[in-house]
Engineer: 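Input: one structure, supplied below.
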Amino acid sequence: MSTTAKQNGLVKWIDSRLPIFTLLDHSVGSGYPTPRNLNYFWNFGSLAGVTLIVMILSGIFLAMNYTAHVDHAFNSVERIMRDVNGGWLIRYIHVNGASMFFIVVYIHIFRGLYYGSYKAPRELLWILGVVLLLLMMATAFMGYVLPWGQMSFWGATVITNLFSAFPIVGEAIVTLLWGGFSVDNPTLNRFFALHYLMPFVIVGVVILHIAALHQFGSNNPLGIDAKSDKDKIPFHPYYTVKDLFGIGVFAIIFAFFVFFAPNFFGEPDNYIPANPMQTPPHIVPEWYFLPFYAILRSIPDKLGGVLAMFAAIGVLAVLPWLDTSKIRSTKFRPVYFWFFWLLVLDCFVLGWAGGKPAEGIYVIVGRIATAYYFLHFLVVLPLLGKLETPKPLPSSIAAAVLGSGAAPAGARMEKP
Amino acid sequence: MAQSANQAQKHATATGETRRDFITLTAGAMGGIGAIAFILPFINSMNPAADTLALASTEVDIGAIKVGQSVTVTWRGKPVFIRHRTEEEIKTAEAVSPAEMPDPQTDKDRVKKPEWLVLIGVCTHLGCVPNGQKVGETKGDFGGWFCPCHGSHYDMSGRIRKGPAPRNLEVPQYAFLTDTTLRIG
């Protein structure tokens, strides 16, 4: 640990008994060697971590003023907006933070897809990421129920009813989830308890995610292993500064929505108190669920739709074994390059179709997009790895970044 | 900014400090200010909310309280004792010399109209509600209120006379809106 020499006696005294400073140094300090060529797409992991902390903090302060009861939940949220000092700010941070979290995590996932970060030896790191995505979705869904508006109530009704699709046990599962015969006070109470618990479960899995990451270190835009010391630079100060810069830019975008368009991502219907007797004419989930919602609706069979929706995430978990190509970075895969961007487009089309009423052209577009989604993972990826001729890989990160002459660091900052 | 950075750099040659040290310190300071600006609204959200403050005054109709009667009303979640004192009680409270009390105060300083005594019914020791409001409750050695938790005795003016409490029962802000309406707070 290179900073030890500078440290004072107290730090040394503690560190020799409880090596927290060494742990920190090896996690995000100068003792963690990192590939020298990481681009800004590698900012999104730390951005997700920062967003998680912001969500937990703002959530704890909201919970101080929230009442988990069907008669009081809606009004307690309105009280937060009107009467609690700065309550509007804290709630808008939490509400928009959820959307920011999904934007950051989706970019983080597509970064992994583009640069092949899921391939050996990082399969478990990737699977832990899929687990984190599932936990995030469950947390976001239950959090959306808490204000007890119309969308909260009917979203909860529709999503919990998904489980009724399973034969024999389906109805029993739904009754168990509800704690009654419909979405009601017991449902709200347990959703609040679980919504408060889940972020801490996420923190636990994040720690595992980071532990798995540090086993082999970050992947990089070239997708080749960092071999010599020349390929690496210390995480601190190089990437701490780069991450902090990214956090600054992210905070500006986040603040724009909080202060100037706080309800941009929301549904106006959720400002109507929940009414179990009347369903709103057009129910849509929050934007980050729309692609999965489109897949659910594309399958004309109830059980089939539910299974397809879960499979859409499940297929990500087995991705390291579906992709047969040994080349990680798409930079060296000229054909996969096009399929990757087709998948990105496909996900936007799914999101668009999921937000439209389930009729006419939207259903057809949704079905085509759903078909491509699964075709991409189940057919294109296994075949492409065998059929595609990749471009030649550079011999090392340093050689690619510094040029073949391996000029002194700083002489050529740009890649050739 | 740039000028001061340059000065810092010139200064550096003498003391070993560098322009980099200056930038690190100022960036860290700005980050600290930002963090504090971010934390303050969160801390402030724990202060009483607007609707809680709106409950901070209570109006009481005191026309129905007969001489010698006490009522207890709620103000800011605490009991407030309103006693319509008898002539005899007023005399006793005024007659005693404050010099011998733990928290010396004359009866005049504690009332606006001598027949109406208004007190926050929370013992100044550790916050229990003293007995003495209801008929039959122990009123203590001085005929006022007696706190059952740790044995503090208050007199007919709500002053501490004996026991561990350090101060007299607090008198809230109040005003007589009419002869029969009292606003507390």
Side-chain angles (χ1 to χ4, degrees), chain A residues 3 6 29-30 46 50-51 53-67 72 74-97 100 236-238 240-252 254-255 258-259 262 410, chain B residues 1-2 4-9 11-59 73-78 80 127 172-173 183-185:
Chain A
T3 50
K6 289 186 207 163
S30 51
S46 74
V50 166
T51 316
I53 292 166
V54 167
M55 292 303 280
I56 289 177
L57 284 181
S58 54
I60 286 171
F61 280 85
L62 286 178
M64 290 179 191
N65 288 297
Y66 172 76
T67 311
H72 306 293
F74 189 88
N75 288 336
S76 76
V77 173
E78 285 306 304
R79 181 178 168 273
I80 289 170
M81 294 302 289
R82 291 151 201 258
D83 287 341
V84 174
N85 304 311
W88 60 272
L89 175 66
I90 299 173
R91 176 165 171 267
Y92 279 153
I93 286 174
H94 200 70
V95 167
N96 288 285
M100 292 298 130
H236 179 75
Y238 296 103
T240 42
V241 162
K242 194 167 183 171
D243 278 350
L244 278 172
F245 176 72
I247 287 165
V249 174
F250 174 64
I252 290 169
F254 196 157
V258 168
F259 292 108
Chain B
M1 180 76 193
S4 61
N6 279 335
Q7 279 166 359
Q9 203 174 18
H11 183 63
T13 44
T15 61
E17 289 165 3
T18 62
R19 180 189 167 89
R20 173 69 55 92
D21 290 335
F22 175 78
I23 292 169
T24 307
L25 275 174
T26 46
M30 279 312 290
I33 292 166
I36 290 166
F38 188 67
I39 289 166
L40 282 179
F42 280 75
I43 304 294
N44 189 36
S45 79
M46 295 170 75
N47 275 323
D51 64 329
T52 313
L53 292 174
L55 298 173
S57 76
T58 306
E59 280 183 25
V73 296
T74 311
W75 175 64
R76 290 186 177 174
K78 293 175 189 167
V80 170
Q173 277 200 345
R183 190 186 66 202
I184 305 166

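Proteins get letters first, then strands, A, B, ... in listed order; numbering begins at 1 in each.
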Engineer: Is it true that atom CD of B/Gln173 has more than 12 heavy atoms of other residues, nucleotides or ligands lying nearer than 6.0 Å?
Structural biologist: no

Engineer: Checking heavy atoms, do the side chain of A/Ile80, its backbone, both or neither come under 4.5 Å from chain B?
Structural biologist: neither

Engineer: Measure across B/Ala49 and A/Val84 and return the closest heavy-atom pair with its distance rounded to 0.1 Å.
Structural biologist: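 Closest approach of B/Ala49 to A/Val84: CB-CA, 3.7 Å.
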
Engineer: Which atom pair, heavy atoms only, marks the closest approach of B/Phe38 to A/Ile93?
Structural biologist: CE1-CD1, 4.1 Å

Engineer: Rounded to the nearest 0.5 Å, what's the gap from CG on A/Asn85 to CG on B/Leu40? Could you check?
Structural biologist: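 Rounded to the nearest 0.5 Å, the CG-CG separation comes out at 12.5 Å.
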
Engineer: To the closest 0.5 Å, what do you measure between CZ (A/Phe61) and CD1 (B/Ile43)?
Structural biologist: 5.0 Å

Engineer: Is the backbone of A/Asp83 close enough, under 3.5 Å, to the side chain of B/Asp51 for a donor and an acceptor to pair up by distance?
Structural biologist: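 It does not hold such a pair.
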
Engineer: Got A/Asn65 and B/Met46 here, is their nearest side-chain heavy-atom distance under 4.5 Å?
Structural biologist: no

Engineer: Give the minimum heavy-atom separation between A/Ser58 and B/Phe42, together with the two atoms involved.
Structural biologist: CA-CE2, 3.6 Å

